[in-house]
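Structure, as structure tokens:
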Amino acid sequence: EAGVAQSPRYKIIEKRQSVAFWCNPISGHATLYWYQQILGQGPKLLIQFQNNGVVDDSQLPKDRFSAERLKGVDSTLKIQPAKLEDSAVYLCASSLVASGRADTQYFGPGTRLTVL
Amino acid sequence: GDSVTQMEGPVTLSEEACLTINCTYTATGYPSLFWYVQYPGEGLQLLLKATKADDKGSNKGFEATYRKETTSFHLEKGSVQVSDSAVYFCALRTSGGSNYKLTFGKGTLLTVNP
């Protein structure tokens with residue numbers, strides 16, 4: 001089966017510019033996650049969707065970051081305006097709706113953002 | 001809040017050496033525990049997992065045992081290969097509702113030399 005797809009793979013922008021990332025989860029996966037991975041750190045959850053509803057966006061900097069998943073399938077994460085500290089790899093992951101404890105999240109290859 | 005502490009890297013070993021990467025956690029509730037691996041140029045992949053105390057997760061020769069009494073989930077392998085060179089992340093997920101977020105450690109870079 002196809003994995004989680006993300007684009008672009010790399011993006012370089014100047015501070016105060018806008019940028020958008022796209023993610024297409026594994027077919028049938030109702031839950032979608034965006035993580036931010038700063039160099040030398042582990043990924044940090046930004047937002048979790050279940051279908052097209054937001055479950056957790058407590059760590060999303062809402063003054064500049066936004067995300068949507070309008071039809072409950074693919075998703076877009078936007079940064080406007082970007083700051084230097086937003087330089088990171090943005091990871092998308094998906095999982096089945098889980099009733100058990102061992103639900104596995106499958107990760108895409110990530111988008112590496114450099115803000116100059 | 002939930003947190004994961006991993007042994008600082010980088011770790012450099014010779015092929016066929018034994019590996020241990022320490023991982024301890026702090027969590028409210030009763031977490032599930034995971035090890036993810038990130039090979040150069042690739043995305044995160046689940047390596048193994050354990051969902052309850054004394055469970056042992058295993059895959060590709062790697063093992064980790066869920067130790068509730070010491071709040072640990074150390075990753076071990078008896079004989080590493082060059083192909084095991086990667087960054088390893090310990091992670092936890094506390095159960096509850098529909099929030100399945102993973103909390104990750106900082107990662108440990110492993111380099112295996114021939």
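Numbered from 1 within each chain, the chains take letters A, B, ... in sequence-line order. What's counted below: heavy atoms across the whole structure, side chains too, no hydrogens, waters or symmetry copies.
The contact between A:R9 and chain B is made entirely by side chain atoms (from C-beta outward), counting heavy-atom distances below 4.5 Å. Of the two parts of B:Q38, only the side chain, counted from C-beta on, holds a non-hydrogen atom closer than 4.5 Å to a non-hydrogen atom of chain A. Residue A:Q6 does not touch chain B at all, counting heavy-atom pairs closer than 4.5 Å.
Other residues, nucleotides and ligands contribute at most 12 non-hydrogen atoms within 6.0 Å of the CD atom of B:E16. Within 6.0 Å of CG on A:L84 lie more than 12 heavy atoms contributed by other residues, nucleotides or ligands. With a 6.0 Å radius and a threshold of 12 heavy atoms from other residues, nucleotides or ligands, A:K62 has its NZ atom above the threshold. No more than 12 heavy atoms of other residues, nucleotides or ligands shown are found within 6.0 angstrom of CD on A:Q80. Atom CD of A:E14 has 12 or fewer heavy atoms from other residues, nucleotides or ligands within 6.0 Å. Within a 6.0 Å radius of OH in A:Y10, no more than 12 heavy atoms belonging to other residues, nucleotides or ligands are found.
To the nearest 0.5 Å, atom CD1 of residue A:I47 and atom NZ of residue B:K101 are 13.0 Å apart. Atom CZ of residue A:F107 and atom CG of residue B:L46 lie 9.5 Å apart, to the nearest 0.5 angstrom. Expressed to the nearest 0.5 Å, how far CD of A:Q105 lies from CZ of B:F34 amounts to 7.5 Å.
Considering only heavy atoms from C-beta on, A:P43 stays 4.5 Å or farther from B:Y36 through its side chain.
Proximity of a side-chain donor or acceptor of A:Y35 to a complementary backbone N or O of B:L102 within less than 3.5 Å is detected.
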